[in-house]
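Structure first, then comments.
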Amino acid sequence: MLKGIKLRLYPNRTQQNQLEQMFGNDRFHSRKYLKKSYTGKSIIKTAGKRYLKIPKLGYVKTSKTGVLQDVKIKRYTVLLEPTGKYYLSLQVEISEPEKYSLTDKQVGIDVGVADLAILSNGLKYPSFDSSYFEKKAKVWQRKYARRRHLAKLLVLQDRNKKVLCPRSLESFTNWQKAQKSKAKYQAKAANQRRDYLHKLTTHLVKQYDVIAIEDLKTKNLQKNHHLAKSIANASWRMFRQMLEYKCEWYGKKLIAVDPKNTSRICSKCGYNSGAKPLEIREWICSKCQTKHDRDINAAVNILHKATPTGQGLAMVTS
């Protein structure tokens, strides 16, 4: 089984200069974004608790090496992120993980914006709140844009005056510091969101043997510019990907069903009451007079569709 592992690297000044040359010689470049990375397939050896022996670099200090026990490294990538930190991304081959014990429970999950996961049993898990980091990133984005613009003007001024030693854009460190500060807050938001999703999906896989979700096309939903940012922040795609591979690893079953009419049908009598605006969060069935929470009712309908007698089964991953 293949697994990805990411470790922090702490190269010395000589190794950093060597990495800069290796980044420039890497074959895998994007035309839109020049990512500083270097990929190799050579053997990496552990040297103590905090050191790795990497080809062409020698012994490099790292964050931890305990996770590399009893694994076979297939490929490695050394990369420099916009925050100025070095990381080692590894593709390793590991043995099959131990399966979770069965609980004989099944659940339907409806994803949302305010609440990321709404379960058919009434439980709700909120979306990750990244507003603090977004505000900080916006502040530093404005500072970065302004400082870089002023630096460009000074560079052009030196060219027009034909000074003896004209300044280059890289000689101004102010805008580079702002760029790193902006990247730092963006990375914090991304890391904490990923950590939250890992904890939530692991909890769900441990608790339930069968998990039913909607087969949503996130890319199409993000074309709605009123909801695109909220959907991206909720990370529906990442949430589903984590559920898929964790269910496969730990012996559970994930079922994706057709999302059609899950919010319109009464989960008690099956009557379709038609489309409802997003601002309506609760409604009463006009046929059986049952009061529904919009999201919980959708989660129950998703679970009903995943049962053998249900309709609209899209995909089964076990």
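Keep in mind that the numbers below use all heavy atoms, side chains included, and drop hydrogens, waters and symmetry copies. Because the structure is predicted, anything quoted here is derived from the model rather than measured. Residue numbers run from 1 in the order of the sequence given.
- No side-chain heavy atom of R294 sits less than 4.5 Å from a side-chain heavy atom of D110.
- Formation of a donor-acceptor pair under 3.5 Å by the N301 side chain with backbone atoms of T262 is found in this model.
- The closest side-chain heavy-atom distance from K135 to K138 is not below 4.5 Å.
- Under 4.0 Å is where a charged nitrogen must lie from a carboxylate oxygen, and between D215 and K305 no such pair does.
- Side chains of T103 and D209: a donor-acceptor N/O pair is present below 3.5 angstrom, by distance only.
- Put simply, the side chain of D293 gets close to the backbone of I296: a donor and an acceptor are under 3.5 Å apart.
- By the neighbour-count criterion of 12 heavy atoms within 6.0 Å, atom NZ of K161 is sparsely surrounded, having that number or fewer from other residues, nucleotides or ligands.
- With rounding to the nearest 0.5 angstrom, the CG atom of D115 is 11.0 Å from the CG atom of L123.
- More than 12 heavy atoms of other residues, nucleotides or ligands sit less than 6.0 Å from atom CG of N17.
- Heavy-atom contacts from other residues, nucleotides or ligands closer than 6.0 Å to NZ of K64 number 12 or fewer.
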Check against side chain to side chain contact (heavy atoms under 4.5 Å, CB included), E20 and K36: CA-CA 8 Å; E20 285 295 329; K36 292 188 175 181; 3.6 Å; yes

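- Looking at S127, its side chain does come within 3.5 Å of a backbone N or O of L116 through a donor-acceptor pair.
- With a 4.5 Å cut-off on side-chain heavy atoms, N174 and L150 do not count as touching.
- Looking only at side-chain heavy atoms (C-beta outward), L169 and R148 come within less than 4.5 Å of each other.
- Between S267 atom OG and H292 atom NE2 the span is 4.5 Å, to the nearest 0.5 Å.
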Derivation of the side chain to side chain contact (heavy atoms under 4.5 Å, CB included) call for S286 and Y271: CA-CA 8 Å; S286 57; Y271 177 71; 3.2 Å; yes

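- A 4.5 Å side-chain heavy-atom check between S263 and W283 finds every atom pair outside the cut-off.
- With L52 as the partner, the side chain to side chain contact (heavy atoms under 4.5 Å, CB included) test is satisfied by one option alone out of L90, L57, T46: T46.
- Within a 6.0 Å sphere centred on CZ of R159, heavy atoms belonging to other residues, nucleotides or ligands number 12 at most.
- To the nearest 0.5 Å, the span separating CD1 on I211 from SG on C247 amounts to 4.5 Å.
- With contacts defined as side-chain heavy-atom distances shorter than 4.5 Å, the pair R194/L197 does not qualify.
- Under a 3.5 Å cut-off, the side chain of E93 and the backbone N or O of K72 do not form any donor-acceptor pair.
- Here I44 contributes atom CD1 and T65 contributes atom OG1; the two are 12.5 Å apart, rounded to the nearest 0.5 Å.
- Under a 4.0 Å N-O distance rule, the pair E244/R240 qualifies as a salt bridge.
- Under a hydrophobic-cluster definition in which Ile, Leu, Val, Met, Phe, Trp and Tyr are linked whenever side-chain heavy atoms come within less than 4.5 Å, directly or via other members, V92 and Y245 are assigned to the same cluster.
- Taking the side chain as every heavy atom from C-beta outward, W236 and V113 approach each other to under 4.5 Å.
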Side-chain donor-acceptor pairs under 3.5 Å in residues 177-187, sequence neighbours left out?
{"unit_1": "S181", "atom_1": "OG", "unit_2": "K177", "atom_2": "O", "d": "3.1"}
{"unit_1": "K182", "atom_1": "NZ", "unit_2": "Q141", "atom_2": "OE1", "d": "3.1"}

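- With hydrogens and angles disregarded, no donor-acceptor distance shorter than 3.5 Å links the side chain of W175 to the backbone of E170.
- Without hydrogens or angle criteria, R167 side chain to F172 main chain gives no donor-acceptor distance under 3.5 Å.
- Hydrophobic clustering (side-chain heavy atoms under 4.5 Å, transitive across Ile, Leu, Val, Met, Phe, Trp, Tyr) keeps Y10 apart from Y59.
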Start with the C-alpha distance between R193 and S235, add both sets of side-chain angles, then the distance that settles side chain to side chain contact (heavy atoms under 4.5 Å, CB included), and finish with yes or no. CA-CA 8 Å; R193 183 186 294 109; S235 301; 2.9 Å; yes

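- Counting heavy atoms from C-beta on, the side chains of K143 and W140 come closer than 4.5 Å.
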Side chain to side chain contact (heavy atoms under 4.5 Å, CB included) between I54 and L9, intermediate numbers included: CA-CA 11 Å; I54 303 176; L9 291 181; 4.2 Å; yes

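- There is a path of hydrophobic side-chain contacts, each under 4.5 Å, that joins V205 to Y196.
- Side chain of Q18 to backbone of K56: a donor-acceptor contact under 3.5 angstrom is found.
- I94 is connected to I5 through a chain of hydrophobic side-chain contacts under 4.5 Å among Ile, Leu, Val, Met, Phe, Trp and Tyr, so both are in one cluster.
- Heavy-atom neighbours of E98 CD from other residues, nucleotides or ligands within 6.0 Å: at or below the threshold of 12.
- Looking only at distances, a side-chain donor or acceptor of K246 sits under 3.5 Å from a matching main-chain atom of H198.
- For Q15 (side chain) and N12 (main-chain N/O), a donor-acceptor pair under 3.5 Å exists by modelled atom type.
- Checking side-chain atoms of N272 against main-chain N and O of G274 turns up a donor-acceptor pair under 3.5 Å.
- Atom-to-atom distance recorded for K136:NZ and K188:NZ is 9.5 Å, nearest 0.5 angstrom.
- Atom CG of residue D258 and atom CD of residue E214 lie 9.0 Å apart, to the nearest 0.5 angstrom.
- Under the 6.0 Å distance and 45° angle rule, K6 counts as a cation-pi partner of Y87.
- With hydrophobic clusters built from ILVMFWY side chains whose heavy atoms lie under 4.5 angstrom apart, L254 shares a cluster with I109.
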